[in-house]
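Each remark here refers to the structure printed beneath this line.
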2 protein chains.
Amino acid sequence: MEKIFSSDFVYVVNPGGYIGRTTAYELGRVHERGMAVYYAEPPKDIPIEVPAGTVLTARELADGIVCGTSRIKAIRRPRVAALPTADIVIFTIRDWRLHVLLIKRGTEPYRGKLALPGGFIRPGESLEDTAKRELAEETGLDSSSIPLQQIHTYSHPERDPRGRIITTAFLAIAPNLPEVMGATDAHRADWVEVEDSLWLNNDRLAFDHGEILQQALGRARRLLEHTTIAADFCGKVFTIAELRKVYEAVWGIPINPPNFQRKVRGTKGFLIDTGKKKTGQPGRPAELFRRGPARILYPPMMRSE
Amino acid sequence: MEKIFSSDFVYVVNPGGYIGRTTAYELGRVHERGMAVYYAEPPKDIPIEVPAGTVLTARELADGIVCGTSRIKAIRRPRVAALPTADIVIFTIRDWRLHVLLIKRGTEPYRGKLALPGGFIRPGESLEDTAKRELAEETGLDSSSIPLQQIHTYSHPERDPRGRIITTAFLAIAPNLPEVMGATDAHRADWVEVEDSLWLNNDRLAFDHGEILQQALGRARRLLEHTTIAADFCGKVFTIAELRKVYEAVWGIPINPPNFQRKVRGTKGFLIDTGKKKTGQPGRPAELFRRGPARILYPPMMRSE
DNA sequence: AGAATAGTGTCTGTTAGACACTATTAT
DNA sequence: ATAATAGTGTCTAACAGACACTATTCT
């Protein structure tokens with residue numbers, strides 16, 4: 001089968017139009033990969049579509065290959081079918097530190113290792129649909145309230161030992177949730193603090209998920225610069241100090257509180273004052289805000305280069 | 001076949017282990033999609049792998065579905081195999097206007113319409129490899145000198161009438177080239193000026209390539225803001241005015257020349273003075289520069305919001 | 001000489017960054 | 001009262017944007 005799949009095309013020698021059971025099975029697989037198939041005679045006992053020009057003698061085929069005559073121009077290079085998956089990098093802030101949701105794999109390969117939640121695309125779904133569904137299934141989070149953003153597609157031929165599986169990574173930002181987790185699936189989902197050891201130590205994460213996580217983190221950091229997405233980490237109402245701590249957790253650097261205050265208050269549409277205040281801790285009570293309509297932060301929030 | 005593919009799993013009723021030719025063909029296709037398959041009896045006359053727990057009676061199967069007992073836990077949700085492709089949005093500047101490379105499709109579907117260059121992934125390739133190869137094949141451009149950047153993956157189930165084909169779009173920037181085009185393929189490749197009519201008029205571009213082009217343009221515009229990629233549009237040596245015209249062409253707005261001059265000269269590592277000057281036109285001769293090592297533009301180039 | 005293009009000087013308003021300072025609470 | 005946290009005032013340096021001006025070529 002591997003030899004067949006690595007060929008440029010398939011030529012079926014079927015005297016009398018007869019095709020064996022095994023050949024029929026192989027043809028099904030070949031067909032599904034979109035490879036070019038030619039027949040010595042029209043197949044009689046299987047309902048296969050035979051496009052014009054694909055039934056020809058070996059002589060004609062050879063000529064077509066050598067001369068590239070117009071009759072055989074349909075010889076296509078081999079294609080590879082792949083199983084698309086969607087993996088989700090969902091960040092949140094717990095104890096003012098950045099966390100990512102990871103599951104412990106219950107099956108081979110990489111059984112017992114940590115992995116990003118995700119799964120295979122299903123009939124009629126786009127990858128965005130898949131990501132939303134998996135997020136809901138594996139975390140119990142209401143996916144409609146958490147916007148997903150496509151990051152990157154990973155397609156290295158050996159990235160998954162099970163075969164040709166390409167994955168598209170999505171980024172999501174969640175507010176700090178009260179321990180809702182591990183909803184439907186048997187494997188445990190849990191928040192893990194984001195730190196270098198997650199990807200520097202190759203043993204902890206399955207597949208190429210270390211690389212994916214790293215790139216997603218870079219994207220998230222850049223998003224904070226020129227969008228108002230940081231508010232997604234917070235609850236419905238939040239103080240400016242809470243918002244600042246989001247930036248500090250994601251960027252990993254301290255931010256000057258007075259200047260931060262002026263920056264976000266001065267950006268029209270970022271914050272809407274609720275008029276309420278937050279008490280219960282020492283210090284002057286902080287004003288509480290909700291998200292404004294602005295999504296783009298202009299001019300951007302600078303982080304010292 | 002469509003009904004089969006949209007099912008959750010396949011149950012093969014094969015008395016005596018006998019499987020017909022047509023069924024064998026269909027099983028090949030089903031197998032290639034990675035769907036779950038169960039058998040009433042072990043298949044005898046086809047070399048199909050039958051994992052443990054997939055041969056069971058209809059009664060057992062029904063129980064497994066209803067109760068979710070451990071024996072049947074292997075029922076997987078249906079997966080969908082897809083044919084991945086890479087499409088390339090390659091921009092250049094001609095006559096100080098932004099152009100994109102498009103090919104005229106020579107085959108159905110969308111025969112005669114304009115489309116982005118691209119093609120199917122091949123065995124052993126990553127999508128990045130595919131994009132590089134297709135760029136070289138379809139344009140004759142030396143792909144090693146033109147960096148490709150992944151933009152987005154398009155996976156809507158009906159985006160391609162031929163079936164489940166998902167495409168990953170890549171962005172490339174080329175200097176103005178002396179008409180090297182349409183290298184190997186029969187269909188013509190040509191530079192087309194980028195303007196709204198390309199995507200507003202749905203008839204001109206094939207598939208969802210209008211949407212892809214639009215998103216790639218947005219990405220390119222944003223890249224000019226905070227990277228030095230604009231120099232990729234220019235030749236090996238260029239003047240500051242040429243660089244400014246790149247920004248004007250991509251952003252579609254005029255830029256104040258003196259301020260632009262100061263901005264790029266003041267960004268360390270952006271430009272390296274060659275000491276030479278450009279003559280042959282009226283006006284003070286312009287200094288010629290080559291690209292510096294800097295890739296990030298900090299602080300970013302602002303475009304009035 | 002005059003047109004055309006390249007590049008500099010200079011002014012203004014805005015903003016980031018630093019930090020001193022005021023405001024308001026819990027204990 | 002003291003500690004703690006929120007928020008304001010103010011200064012400086014850098015920078016964007018505007019535009020007058022100088023520099024150097026071609027025709």
Side-chain angles (χ1 to χ4, degrees), chain A residues 95-96 224-226 230 234 237-249 251 253-290 294 296-305, chain B residues 95-96 224-226 230 234 237-249 251 253-290 294 296-305:
Chain A
D95 305 323
W96 307 125
L224 290 200
E225 288 179 1
H226 60 268
C234 304
V237 294
F238 52 89
T239 69
I240 292 181
E242 285 164 3
L243 189 63
R244 173 169 50 78
K245 284 177 187 165
V246 167
Y247 275 89
E248 291 177 333
W251 284 353
I253 54 173
I255 293 176
N256 181 293
N259 295 335
F260 183 83
Q261 184 107 208
R262 245 192 311 274
K263 177 73 184 176
V264 294
R265 291 181 109 108
T267 303
K268 214 176 292 186
F270 196 170
L271 302 178
I272 296 175
D273 197 337
T274 62
K276 294 174 188 169
K277 307 217 170 192
K278 183 189 181 186
T279 60
Q281 60 176 6
R284 173 172 170 177
E287 297 176 48
L288 286 165
F289 297 86
R290 342 181 244 106
I296 304 294
L297 195 53
Y298 188 89
M301 182 93 58
M302 300 289 191
R303 69 183 141 143
S304 48
E305 192 207 8
Chain B
D95 305 324
W96 307 125
L224 256 53
E225 288 179 2
H226 60 270
C234 305
V237 294
F238 52 89
T239 68
I240 292 181
E242 284 164 4
L243 189 65
R244 174 169 50 80
K245 284 178 187 165
V246 167
Y247 275 88
E248 291 177 333
W251 283 354
I253 54 172
I255 293 176
N256 181 294
N259 295 335
F260 183 83
Q261 183 108 207
R262 245 191 313 272
K263 176 73 184 175
V264 294
R265 290 182 109 108
T267 303
K268 214 177 291 185
F270 195 170
L271 301 178
I272 297 175
D273 197 336
T274 62
K276 294 174 188 170
K277 308 217 170 192
K278 184 189 180 187
T279 59
Q281 59 174 8
R284 174 172 170 176
E287 296 176 48
L288 285 167
F289 296 86
R290 351 182 237 104
I296 304 293
L297 195 54
Y298 189 89
M301 183 91 61
M302 301 287 191
R303 70 185 140 142
S304 46
E305 192 207 7

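As a basis for the values below, the full set of heavy atoms in this structure was taken, side chains included, without hydrogen atoms, waters or symmetry mates. Chain identifiers are assigned alphabetically (A, B, ...) following the order of the sequence lines, protein sequences preceding nucleic acid strands; residue numbering begins at 1 within each chain.
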Worksheet entry | Stepwise side-chain contact (heavy atoms from CB on, under 4.5 Å) test for A/Y247 and A/V264 | CA-CA 12 Å; A/Y247 275 89; A/V264 294; 5.6 Å; no

Item to complete: Check the distance between C/dA18's P and A/I253's CD1 and give it to me in whole angstrom.
Response: 11 Å

Worksheet item: Does a side-chain N or O from A/K263 land closer than 4.0 Å to OP1 or OP2 of C/dA16, or not?
Response: yes

Item to complete: For A/F260 and D/dA6, give me the distance from atom CZ to atom P, rounded to whole Å.
Response: 12 Å

Practice prompt. For B/P300 and for B/P282, locate the closest nucleotide of DNA chain D by heavy-atom distance; then report the residue assigned to the nucleotide nearer the 5' terminus.
Written response: B/P300

Discussion item. If you only use heavy atoms from C-beta on, which nucleotide in C/dT8, D/dA6, C/dG17 is closest to the side chain of B/P258?
Written reply: C/dT8

Fill in: Parallel, tilted or perpendicular: rings of A/H226 and B/H226 (30°, 60°)
parallel

Worksheet item: Out of curiosity, B/I296 CD1 to B/T267 OG1, how far, rounded to the nearest 0.5 Å?
Response: 12.0 Å

Worksheet item: Once you round it to whole Å, what is the distance between C1' of D/dC15 and CZ of B/R303?
Response: 19 Å

Worksheet item: Is there a side-chain polar atom (N or O) of B/Q261 under 4.0 Å from OP1 or OP2 of C/dG7?
Response: yes

Worksheet item: Which of these nucleotides, D/dC19, D/dT5, D/dG9, is closest to any side-chain atom of B/N259?
Response: D/dC19

Worksheet entry | Length of the NZ-P vector between A/K277 and D/dT5, whole Å | 17 Å

Item to complete: Take atom NZ of B/K276 and atom P of C/dA6, then tell me their distance rounded to the nearest Å.
Response: 19 Å

Worksheet item: Do B/M302 and A/Y298 come close enough that some side-chain heavy atom pair is under 4.5 Å?
Response: yes

Item to complete: Flag the pair B/P285 / B/K276 as yes when at least one side-chain heavy-atom distance between them is below 4.5 Å, and no otherwise.
Response: no

Practice prompt. Provide, to the nearest angstrom, the distance between the NZ atom belonging to A/K278 and the P atom belonging to D/dG7.
Written response: 11 Å

Worksheet item: Got a donor-acceptor pair under 3.5 Å from the side chain of A/N256 to the base of C/dA16?
Response: no

Worksheet entry | N/O donor-acceptor pair, side chain B/R262 with base C/dT10, under 3.5 angstrom | yes

Discussion item. By nearest heavy atom, map A/R284 and B/E287 onto DNA chain C; which one lands nearer the 5' end?
Written reply: B/E287

Discussion item. For a quick check of understanding: with a heavy-atom distance under 4.0 Å over all strands, which category does B/P285 fall into, base, sugar-phosphate or nothing?
Written reply: sugar-phosphate

Item to complete: Starting at atom CD1 of A/I255, determine the distance to atom C1' of D/dA6, rounded to an integer number of angstrom.
Response: 16 Å

Response to the item:
The nucleotide from D/dA18, C/dG7, D/dG7 with an atom nearest the side chain of A/I240 is D/dG7

Worksheet item: Rounded to whole angstroms, how far apart are CD on A/E242 and C1' on D/dA6?
Response: 12 Å

